[in-house]
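This report concerns only the one structure given below.
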Amino acid sequence: MSEGSKSLNFIEHIVEEDLSNGFAKEKLRFRFPPEPNGYLHIGHASSICLNFGLGLRYKAPVNLRFDDTNPAKEEQEYVDAIKRDVEWLGFKWDTECFASDYFQQLYDWAIVLIKQGKAYVDSQSSAEIAAQKGTPTEAGKPSPFRERSVEENLELFQAMKEGKFKEGEHVLRAKIDMASSNMLMRDPLMYRILHRPHHRTNTDWCIYPMYDWAHGESDYVEQVSHSFCTLEFAMHRELYDWFLDQVVDENKVRPKQREFARRNFSHTVVSKRKLLQLVEQGFVSGWDDPRMPTISGLRRRGYTPESLINFANTIGIAKRENVVDVSLLEFHVREHLNKIAPRVMAVLDPLKVVLTNYPEGEEEWLEAENNPEDEAAGSRQLPFSRELYIEKDDFKEEANRKFFRLKLGGEVRLKNGYIIKAESCTKDADGNITEVQCTYDPKSKSGSGTEESLRKVKGTLHWVSAPHAVSAEVRLYDRLFMDETPDGHKDRDFLEFINKDSLQVINAFVEPSLKNAVPEDRFQFQRTGYFNVDKESTSEKLIFNRTVGLRDSWAKIQQKN
RNA sequence: UGGCCUAUGGUGUAAUUGGCAACACAGCUGGUUUUGGUCCAGUCGUUCUAGGUUCGAGUCCUAGUAGGCCAACCA
């Protein structure tokens, strides 16, 4: 999170303006207000970085507030997952809050509104209320219960709270303006009856406040100075302010709501409803499936908190429609992983190589640098022997000059090892190459300093010594959706665009140093990509997830032909 | 057909608030390299349109156009 000379986004401009208009810096307070009805996704990461970033920038507290006013959808599991994700990103909240902490305060204020004639109990069905709401171009009609006496309202509301009615029998409504051009101001609901246990208040309440009534007042109770939410709440601002007007004390901070555009990402969906659908219908293994755009999915995939934060800061925040290209996210993981991931060798699609002039039964240990980008990472020993594995793609019987890899009669360098020359190959009955016979140049050992070792050979291949190789499961992921905007088609369901081949499980050979890798360890498999150890991995059965491939200019060259 | 919001390269954001349109990604071209990775250099724009104000407009004004949002006892 850099401060200072960096240009400001429009949200920061708003805060700066308030400050220069005399708002006390010490009174700045922000909040991140998730509803615990699902897991946090990459879009939330943006909002988290915005709010907590503001906290860091101005050294102001940031609350983590759970907007838990709907017991029908919310669960403790989600509260725990959200906390874990925010912590993993590295942010520290000032206070853990729950809208449900304010149920009593909200109830007391509702009584005040009733007494002032600004709220009333409506005893119609939701369908009747909806019918009276009017349309954007015509005014609504007042409810027949709109003019109930204060006494009757008080009595009914009390009875609602005491559980004397069934769900849907009555609601509490604010009395505002049935003719407002803003539909939300046409006597919005403040409370509904819900006979459901709440994850925190259990059965203490059977009436629950609606979002609009709870949110602004919660901000006010917590003395949040700036309440940032997404654009679809822009119309709610008038109501947010109206509710605040009813309770605000001039000596206290009056929260200010402002809206920004939510981030959309190419080739995925970020709607909790749709993500839940992917989980429930089994398109993925769970909320933390590495293909999910959830924070927990990205974590399991091998993304780092730093890369997510850098990504969020790079895409910034604004008010216009947007679709952020996933390649930008991939750039940021690569950028970070390039610095921190130890390089190792793993062969994903093995082809056997026999060094015919290397003594049978002999082995030697070669020194290998752990990370050319980080000297402090040190080096390790790698076993070398007569039989090796290389990638199938790295050998061709014949190829043109652009192919820098191994071909019959051609030479390549084995990374950290020797220069070898392909002499012949054997094939099975179907013509598939099953083995390549090579000779090696014993004087060409990497790092030996000999004239032969200094020879320039165009290609360098990664490899694994066959007798020392450790087998491992490798999970290769591709985008979950084939379409750039799967939920951007009015007449087609986003599930139609699911990529059936988004997960490919293969068996690979990895170098023996990987035997001790534990879940969440990250590596660069040289020349192939970044991988991390899956949570299901054990010492008996290693499992790696591909976080992201390396940039592959060879693939581009091939595509052109 | 009412109200609110938005419009800057292929993508996402900037522009000292009226003063040479910038940064990153992606793409393309080269160079370096014991990872076809990294790194380095170069390249890619009529600021939605039309008028207006001004010495000067991405920024201000007017009119249009396009897109998004708003009528859940969801948040």
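Each chain gets a letter, A, B and so on, in the order the sequences are listed, and its residues count up from 1.
Using atom C1' as the reference point in both U6(B) and A71(B), the two lie 22 Å apart (nearest Å). Here, A63(B) and G3(B) have their P atoms 13 Å apart, quoted to the whole Å. A gap of 42 Å separates the C1' atoms of A75(B) and A50(B), to the nearest Å. Comparing the C1' positions of G30(B) and G64(B) gives a spacing of 47 Å, expressed to the nearest Å. U54(B) and C48(B) have their C1' atoms separated by 23 Å, given to the nearest Å. Here the separation of U53(B) from C61(B), taken at their C1' atoms, is 7 Å to the nearest Å. Nucleotides G56(B) and G19(B) place their C1' atoms 7 Å apart, quoted to the nearest Å. Taking atom P in both G51(B) and U13(B), one finds a spacing of 29 Å when rounded to whole Å.
Exactly one residue among R455(A), K456(A), K421(A) makes a salt bridge (charged side-chain N to carboxylate O under 4.0 Å, His left out) with E411(A). That residue is R455(A).
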Dot-bracket encoding of pairs in RNA chain B, which uses [ ] for pseudoknotted crossings and | for another strand, Watson-Crick or G-U under 3.5 angstrom:
.((((((..((((.....[..)))).(((((.......)))))....(((((..]....))))))))))).....
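When heavy atoms are screened at a 4.0 angstrom cut-off, H332(A) is found touching no nucleic acid atom at all. Using a 4.0 Å heavy-atom distance criterion, A234(A) is classed as making no nucleic acid contact.
Electrostatic pairing of R65(A) and D101(A) does not count as a salt bridge here, judged by no charged N lying under 4.0 Å from a carboxylate O.
Partners of F145(A) by ring pair (Phe, Tyr, Trp, His ring centres under 6.0 Å), not counting sequence neighbours: none found. Remark: K73(A) engages E35(A), N37(A), N70(A) in a side chain to side chain contact (heavy atoms under 4.5 Å, CB included) (not counting sequence neighbours). E259(A) meets the salt bridge (charged side-chain N to carboxylate O under 4.0 Å, His left out) test with R237(A); sequence neighbours excluded. Evaluation of the side chain to side chain contact (heavy atoms under 4.5 Å, CB included) rule for P142(A) yields R146(A) as partners, not counting sequence neighbours. Take D85(A) and apply the side chain to side chain contact (heavy atoms under 4.5 Å, CB included) test, not counting sequence neighbours, and it matches L40(A), I295(A), S296(A), R299(A). Under the ring pair (Phe, Tyr, Trp, His ring centres under 6.0 Å) criterion, Y102(A) pairs with no residue at all, not counting sequence neighbours. With sequence neighbours excluded, no residue satisfies ring pair (Phe, Tyr, Trp, His ring centres under 6.0 Å) with H267(A). Among residues two or more places apart in sequence or in another chain, the ring pair (Phe, Tyr, Trp, His ring centres under 6.0 Å) test is passed with H215(A) by Y211(A). Under the side chain to side chain contact (heavy atoms under 4.5 Å, CB included) criterion, T137(A) pairs with T135(A), not counting sequence neighbours.
In this structure, U65(B) is classed as anti because its glycosidic torsion departs from zero by more than 90°.
When each of A14(B), G67(B), A75(B) is scored by its nearest atom to the side-chain atoms of D67(A), the top-ranked nucleotide is A75(B).
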Reading nucleotides 28-39 of chain B from the 5' end, what letters show protein touch, with B for base, S for backbone sugar-phosphate only, - for no heavy atom under 4.0 Å?
SS----BBBBS-
Sugar-phosphate means primed atoms, P, OP1 and OP2; the rest is base. With that split, encode nucleotides 69-74 of chain B 5' to 3' as B, S or - using protein heavy atoms under 4.0 Å.
--B-BS
